[in-house]
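Throughout, a chain's letter reflects where its sequence line sits, starting with A, and its residues are numbered from 1.
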Number of protein chains: 2
Amino acid sequence: MVTKARPRTEGAFGAIADPTRRAILDLVRHREMSAGDIARRFPVSRPAIAKHMRVLRQAGLLRERREATSRYYTLDPSALQAVDQWLAPYRLFWAARLVDLKRVVEEEAKAKPKKGE
Amino acid sequence: MVTKARPRTEGAFGAIADPTRRAILDLVRHREMSAGDIARRFPVSRPAIAKHMRVLRQAGLLRERREATSRYYTLDPSALQAVDQWLAPYRLFWAARLVDLKRVVEEEAKAKPKKGE
DNA sequence: CATAATCGTAACCGTATGGTTACAAAAGCC
DNA sequence: GGCTTTTGTAACCATACGGTTACGATTATG
């Protein structure tokens, strides 16, 4: 039987699903870092980090610069816009919830007025 | 050897990693739907959808209302705020890219100094 | 040239994931 | 009480995931 064989870490959504990969992005977001510098910050082995880096790279989230034997990485955030855009309609929801809270507060203030305001 | 055994679909990030689950959220975001109504929209079996629903439920993304034998689901978007908040600093990146393209060009020039072009 | 340093990859391992089919529970209907 | 509808879950399967150790490629350095 032929089963579907598409990787589940493809794309930005899959890339940021793993907390280690999010932490890597949070690192290279601030400053350019070498692969070794990045790996040294995590409790797992360097090859494990290298695999995470490959996922991030294939998602288009990293820029690579080679110098000598080192590879320096910086963030390429553009692929994250897909997540941001998907999230946009949901942002309206909790914005509406704030409006709702505002209404509740106003009603309570009208029902039992506490102090001058 | 005891290996770590934490599920990778836990939390909002894992929940939205799967495209089917995102599509389910996009459905219940618009209107309340029964489990069957949801499942009917996808080319996979109903139990497969039921498992996705469980992941979404455990991530706190669904509200359930039972009526007769049916279960109606609506969105509870609050858990998505974690994603939104993690994304916030990155949003600044492409906002800056839109507002001040010149600065971005300078930063890139600093990052990888001039290959012939 | 030999050696060390840096980095990616291959091979392997145990668990999680996403799918299936089969079955059980609960409520409406004859 | 039986029967159907709706739903969730259990058991199972193939593959992806995240980790490890071993190894190879590349480059600077003595």
For [X] versus [Y], what's the shortest heavy-atom pair and its separation?
X        : Y        : answer
Asp37(B) : Arg41(B) : O-CG, 3.2 Å
Phe42(B) : Leu27(B) : CE1-CD1, 3.9 Å
Val55(A) : Ala15(A) : CG1-CA, 4.2 Å
Phe13(B) : Ala82(B) : CZ-O, 4.0 Å

Interatomic spacing from CD1 in Ile16(A) to CG in Leu61(A) - rounded to 0.5 Å =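 Taking CD1 in Ile16(A) and CG in Leu61(A), the distance rounds to 8.5 Å.
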Mind checking if [X] touches a base, just sugar-phosphate, or nothing, with heavy atoms under 4.0 Å?
X        : value
Arg21(B) : sugar-phosphate
Tyr73(B) : sugar-phosphate
Arg71(B) : sugar-phosphate

Would you mind telling me which of dT9(D), dT7(D), dG18(D) lies closest to the side-chain atoms of Asp18(A)?
->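 Closest of the options to the side chain of Asp18(A): dG18(D).
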Which listed nucleotide (dG19(C), dT20(D), dG18(C)) is nearest to the side chain of Val44(A)?
->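 Closest nucleotide among those given: dT20(D).
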Is Tyr73(A) reaching over with its side chain to a backbone N or O of Ile24(A), donor-acceptor style, under 3.5 angstrom?
->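 No; judged by distance alone, with no hydrogens or angles, the pair does not exist.
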Counting distance only, does the side-chain N/O of Tyr90(A) pair as donor-acceptor with the main-chain N or O of Asp26(B) below 3.5 Å?
->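 Answer holds: yes.
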Nearest-angstrom distance from the residue atom [atom1] of [X] to [atom2] of [N]:
X        : N       : atom1 : atom2 : value
Glu64(A) : dC7(C)  : CD    : C1'   : 10 Å
Glu67(A) : dA5(C)  : CD    : P     : 18 Å
Ile16(A) : dG18(D) : CD1   : P     : 13 Å
His52(B) : dT20(C) : NE2   : P     : 9 Å
Phe42(A) : dG19(D) : CZ    : C1'   : 15 Å
Glu10(A) : dT15(D) : CD    : C1'   : 14 Å
Arg66(B) : dA25(C) : CZ    : P     : 15 Å
Gln58(A) : dC17(D) : CD    : P     : 10 Å

Taking protein heavy atoms under 4.0 Å as touching, what does nucleotides 21-30 of chain D look like 5' to 3' if B marks base contact, S marks sugar-phosphate-only contact and - marks none?
-> BB---BBS--
Considering heavy-atom distances to DNA chain D, does Arg8(A) or Pro43(A) have its closest nucleotide positioned more toward the 5' end?
->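 The residue mapped nearer the 5' terminus is Arg8(A).
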Indicate whether OP1 or OP2 belonging to dC7(C) is found under 4.0 Å from a side-chain N or O atom of Ser34(A).
->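 Yes, such a contact exists.
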Contact nearer the 5' end of DNA chain C, comparing Arg40(A) with Lys51(A) |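 The answer here is Arg40(A).
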